[in-house]
Amino acid sequence: MSYPQNFLNQHVVITGGSSGIGLCLAQALAERGAHLTLLGRDLRKLENAAAQVNGPVQVASVDVSNEQAVAKFFDGVDRVDHLVTAAAGTVRGTVQELEVAQARALFESKYWGQYHCAKYAAGKLSTHGSMVMFSGWISRKPMAGVSTLAAVDAAIEALGRTLALELAPRRVNVVTPGMIDTPLWSARLSADAQREHFARIASSLPVGRAGTPQDIAHAVLFLLENGFTTGAVIDVDGGQR
């Protein structure tokens, strides 16, 4: 299948690009002519991901929770047309149960990681460029046991809306994924447990299925392309209630 080359020669930086949503987006952008840089902590996984991308792609091992590492990376970049901060993280536990150190660690990785990238990419972002950040449906549709994640996601959404004003005319938007079937679940559940989990998810959603990385990549592509959308928080959650 051929795609319009509407990202031809544009440089797109994707954090969390070694698997799942980040890798799926990289593949879609490469088909549309983009030049890609994938960031992540595990160089071996990044190199394996790059081998699955049909187009110009480079990788860099960067821990986005490390401000100095992020600053150093972007200092060595000439231009960024689009930044997508897809690096994921989660933690579960009530306020009483969860260790404060675990709560802080999620803020460091998911909130401060995206903050660092936005801060240091901003000076390299082209005039007509954009950023897409990631929160999650828990921010506005909370449930017990994920108070820290809800707070982190809400903070990211507030950050994205404000950056849309501070960085204008460059655009900043936020994607809010629902329950997405990605490789991250393999670290939490066995194959059988994953099937049961996503079958329950499918039966609970109006669309009748769990989300896929392709669903989220499609939403991100829209936000990267649509020059009249900024400061938006886009729910891609199958009608989660």
Side-chain angles (χ1 to χ4, degrees), residues 1-8 10 12-40 45-57 59 81-90 110 114 130-139 141 153 156 160 171 173-189 191 194-226 229 232-240:
M1 181 182 294
S2 61
Y3 295 92
Q5 298 290 287
N6 45 350
F7 289 93
L8 187 64
Q10 292 189 29
V12 184
V13 176
I14 303 174
T15 72
S18 63
S19 66
I21 294 167
L23 175 55
C24 182
L25 176 63
Q27 292 167 329
L29 283 165
E31 294 287 351
R32 291 159 174 81
H35 173 84
L36 299 157
T37 300
L38 308 182
L39 304 187
K45 289 183 179 179
L46 286 167
E47 291 173 341
N48 181 61
Q52 301 175 59
V53 176
N54 184 25
V57 56
V59 301
D81 292 295
H82 302 285
L83 169 68
V84 181
T85 54
T90 188
K110 191 169 184 181
Q114 295 190 75
S130 73
M131 297 182 184
V132 176
M133 309 178 85
F134 273 67
S135 64
W137 62 275
I138 294 293
S139 62
K141 302 170 185 178
D153 287 342
I156 292 165
R171 299 178 298 104
N173 295 289
V174 181
V175 168
T176 303
M179 298 296 290
I180 309 301
D181 190 353
T182 73
L184 284 175
W185 287 96
S186 298
R188 306 177 201 171
L189 300 173
Q194 286 182 67
R195 283 191 290 272
E196 292 175 5
H197 173 72
F198 284 108
R200 288 194 298 271
I201 294 300
S203 66
S204 71
L205 295 176
V207 296
R209 65 175 178 86
T212 67
Q214 288 79 9
D215 293 321
I216 307 304
H218 185 270
V220 175
L221 285 169
F222 163 77
L223 292 173
L224 296 180
E225 290 183 284
N226 191 292
T229 303
V233 177
I234 305 295
D235 291 345
V236 190
D237 62 9
Q240 183 81 42

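On a predicted model such as this, the values are computed, not experimentally measured, just so you know.
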*With side chain to side chain contact (heavy atoms under 4.5 Å, CB included) as the test, would you mind laying out the steps for V132 and L83 before giving the verdict?*
CA-CA 6 Å; V132 176; L83 169 68; over 6 Å; no
*With rounding to the nearest 0.5 Å, note down the distance linking CG in D81 to NE2 in H35.*
10.5 Å
_pair T37-V59: side-chain heavy atoms closer than 4.5 Å_ = no
*Given D153 and W137, is the side chain to side chain contact (heavy atoms under 4.5 Å, CB included) satisfied, shown in steps?*
CA-CA 8 Å; D153 287 342; W137 62 275; over 6 Å; no
*asked:* Show the nearest heavy-atom pair for residues L205 and A210, with the distance to one decimal.
replied: CD1-CA, 4.5 Å
_Which heavy atom of P56 sits nearest to which heavy atom of A34, and what is that distance?_
CG-O, 3.7 Å
_R209 side chain to G238 backbone, donor-acceptor under 3.5 Å_ = no
*Kindly indicate whether the side chain of F134, heavy atoms from C-beta on, has any atom under 4.5 Å from the side chain of V84.*
yes
*asked:* A side-chain contact here means heavy atoms from C-beta on lying under 4.5 Å apart; do L23 and I14 qualify?
replied: no
*Do you know the tightest heavy-atom contact between T85 and M133?*
OG1-CA, 3.2 Å
*Main-chain N/O of L221 paired to R32 side chain as donor or acceptor, under 3.5 Å*: no
*Side chain to side chain, K110 and I156, heavy atoms closer than 4.5 Å*: yes
_So N54 and E31, do their side chains get closer than 4.5 Å, heavy atoms only?_
yes
*Residue pair L224 / L29, side-chain heavy-atom distance below 4.5 Å*: yes
_Minimum heavy-atom distance between T176 and V233, given as atom pair plus value_ = OG1-CG1, 3.2 Å
_Nearest non-hydrogen partners of A30 and L36, listed with the distance_ = CB-CD1, 3.8 Å
*Gap separating the SG atom of C24 from the NE2 atom of H218, nearest 0.5 angstrom*: 11.0 Å
*asked:* Checking the side chain of D215 only, and the main-chain atoms of T212 only, is there a donor and an acceptor separated by less than 3.5 Å?
replied: yes
*How long is the gap from CD on Q240 to CE on M179, to the nearest 0.5 Å?*
7.5 Å
*Pick one: which of I234, D237, V236 meets side chain to side chain contact (heavy atoms under 4.5 Å, CB included) with I216?*
V236
*Checking S18 side chain against A49 main chain: does a donor-acceptor pair fall under 3.5 Å?*
no
*Quick check: does any side chain N or O of N173 sit under 3.5 Å from a backbone N or O of A232, one acting as donor and the other as acceptor?*
yes
*Evaluate the ring pair (Phe, Tyr, Trp, His ring centres under 6.0 Å) criterion for residues F7 and H82: first the C-alpha distance (whole Å), next the side-chain angles of each, then the deciding distance (0.1 Å), finally the verdict.*
CA-CA 10 Å; F7 289 93; H82 302 285; 5.7 Å; yes
*Reported CD-to-CG distance for the pair Q214 and L25, which is rounded to 0.5 angstrom*: 11.0 Å
_Contact between N48 and L46 at the side-chain level, heavy atoms closer than 4.5 Å - yes or no?_
no
